[in-house]
Amino acid sequence: MKIAVLTSGGDSPAMNAAIRAITRVGIHRNCEVFGVFGGLQGILNGQFHELNSRSVSRILHRGGTILTTGRSEEFRTEEGQKKAAKILSDRGFDALIAIGGDGTMRALKALSNHWKGWLIGLPGTIDNDLYGTDYTIGFDTAVNNALEALDKIRDTAEAFSRVFLVEVMGRHAGFIAFHVGFATGASAILMPETTTTMEELANKVIAAKNRAKSSVLVVVAEGDELGNADTIGKALSERIGEKCRVSVLGYIQRGGNPTHFDRILATRLGAYSIECLLNGKHGGMVGEVDGNLVLTPFEDTWTIKKPIDQWMLGLLEELSG
Ligand code: F6P
């Protein structure tokens, strides 16, 4: 079987571990594996390079993606998808494995309308917002990166008894904010999945201060409906009559050495994607649910919303003390 593999959309830590597993397990089981450089646009540009076991040496521990990535406007069009299908067929590919987020799963679904080859997606995004897997590749590392920063910010917050708003990534999803918020002991978590008014937020912060808390941390997902941390920080400062400090963590969350959790998840899903293809299973995203490896149809990964744990959310105030 001749297989192409690419990474698309925002990079996430342990994408390399997935590329390594796909390449090595694929070659071991008599497949030819080609890396596509530059994401989906790389197909259109004909940037294919055959990979061997040594091409993926020394990458298991590295963040980013050795295949490089991108967001292709051309691939969003039907002409682009037809062109990609023709290129893949002309080059004799039997299958394409793409590692990325919801945009990548949508692209694979669109490509399936024009190409007879077999398609498999791997969930590679720090946002953890794909249905069909408990965790996406890179999420655990991103949360730990953010947590390390939060622990440092907490030192200053405590030293001055300050209120801090810390913005984490998540344009459309609050999973990073949720996990970081609980792991750091935040007094409030703002995210797109829940609605919090400015008044409610101010009341929470004032209540925390009245309980003599030495510092108050509010974790804000960048996609929260109240705005970004800067906007919220200004409005909150006015309401509580105290200057709130703001820290935007940004891209620091997306890079660096992946955690052991992400390396193993990526390795399992990479190897499983090859097993699926060799067993004739395709047309979906591989994931791990309750410890089991599963294949979920592409549309389900973005149409079905992964729920936020409401029970835990209800505990936040009690836990923040
Ligand atoms: O998809 C992951 C993500 O990190 C989002 O949380 C974020 O909004 C987005 O990517 C930003 O990525 P870029 O700046 O590369 O478009």
Side-chain angles (χ1 to χ4, degrees), residues 6-18 37-42 63-76 98-109 121-150 165-181 183 189-194 219-232 246-259 262 265-266 269 285 287 298 301-303 305-306 308:
L6 61 80
T7 48
S8 172
D11 55 291
S12 66
M15 276 182 160
N16 282 327
F37 286 75
L40 293 160
Q41 187 63 41
T65 159
I66 59 158
L67 296 178
T68 68
T69 184
R71 294 192 171 93
S72 170
E73 281 309 315
E74 192 180 354
F75 202 94
R76 285 183 211 275
I99 310 164
D102 66 317
T104 305
M105 301 311 141
R106 288 171 206 258
L108 290 177
K109 176 67 189 165
L122 255 80
T125 165
I126 63 165
D127 291 339
N128 198 31
D129 57 347
L130 289 167
Y131 176 82
T133 191
D134 291 340
Y135 295 103
T136 55
I137 296 165
F139 171 70
D140 186 64
T141 308
V143 169
N144 281 304
N145 284 342
L147 205 51
E148 206 183 316
L150 251 305
L165 286 96
V166 182
E167 183 181 299
V168 297
M169 276 186 156
R171 200 156 31 198
H172 305 294
F175 291 98
I176 297 179
F178 181 93
H179 280 245
V180 169
I189 303 172
L190 304 180
M191 54 190 176
E193 292 86 348
T194 59
V219 177
V220 183
E222 62 175 324
D224 186 68
E225 73 285 348
L226 278 179
N228 62 24
D230 222 32
T231 315
I232 300 171
V246 173
S247 240
V248 179
L249 301 187
Y251 291 96
I252 203 143
Q253 293 161 91
R254 219 157 79 172
N257 297 357
T259 58
D262 275 331
L265 178 66
L269 296 184
M285 182 192 83
F298 290 127
T301 65
W302 73 86
T303 53
K305 289 283 163 241
K306 194 190 251 179
I308 290 276

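Numbering of ligands and ligand atoms starts at 1, following listing order. None of the values given here were measured: they were computed from a predicted structure.
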Is the [atom1] atom of [X] crowded by more than 12 outside heavy atoms at less than 6.0 Å?
X    : atom1 : result
F37  : CZ    : yes
K306 : NZ    : yes
E148 : CD    : no

Quiz item: Would you say F178 and V219 make side-chain contact, with heavy atoms under 4.5 Å?
Solution: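 They are not in contact (no side-chain heavy atoms under 4.5 Å apart), so the answer is no.
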Self-check item: Polar side-chain atom of D262 near backbone of G138 as donor-acceptor pair, under 3.5 Å
Solution: yes
Exercise. Report the part of I126 in contact with ligand 1, treating N, CA, C, O as backbone and CB onward as side chain, heavy atoms under 4.0 Å; options are side chain, backbone, both, neither.
Key: side chain
Quiz item: Under 4.0 Å from ligand 1, counting heavy atoms only, is it the side chain of Q253, its backbone, both or neither?
Solution: neither
Quiz item: Are T141 and N144 close enough that a side-chain donor and a side-chain acceptor fall under 3.5 Å?
Solution: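 Absent: no donor and acceptor within the cut-off.
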Quick check on contacts: which atoms of ligand 1 are under 4.0 angstrom from a heavy atom of [X]?
X    : result
E222 : 5 (C), 6 (O), 7 (C), 8 (O)
G170 : 6 (O)
Y251 : 13 (P), 14 (O)
M169 : 4 (O), 6 (O)
D127 : 1 (O), 2 (C), 3 (C), 5 (C), 6 (O)

Identify the protein heavy atom lying closest to [atom], giving its residue, its atom name and the separation to 0.1 Å.
atom                    : value
atom 9 (C) of ligand 1  : R171 NH2, 3.5 Å
atom 12 (O) of ligand 1 : R254 NH1, 2.9 Å
atom 16 (O) of ligand 1 : R71 NH1, 2.8 Å

Practice problem: Measure the CG-OG1 distance between L40 and T7 for me, rounded to the nearest 0.5 Å. | Solution: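 Interatomic distance, L40 CG to T7 OG1, rounded to 0.5 Å: 9.5 Å.
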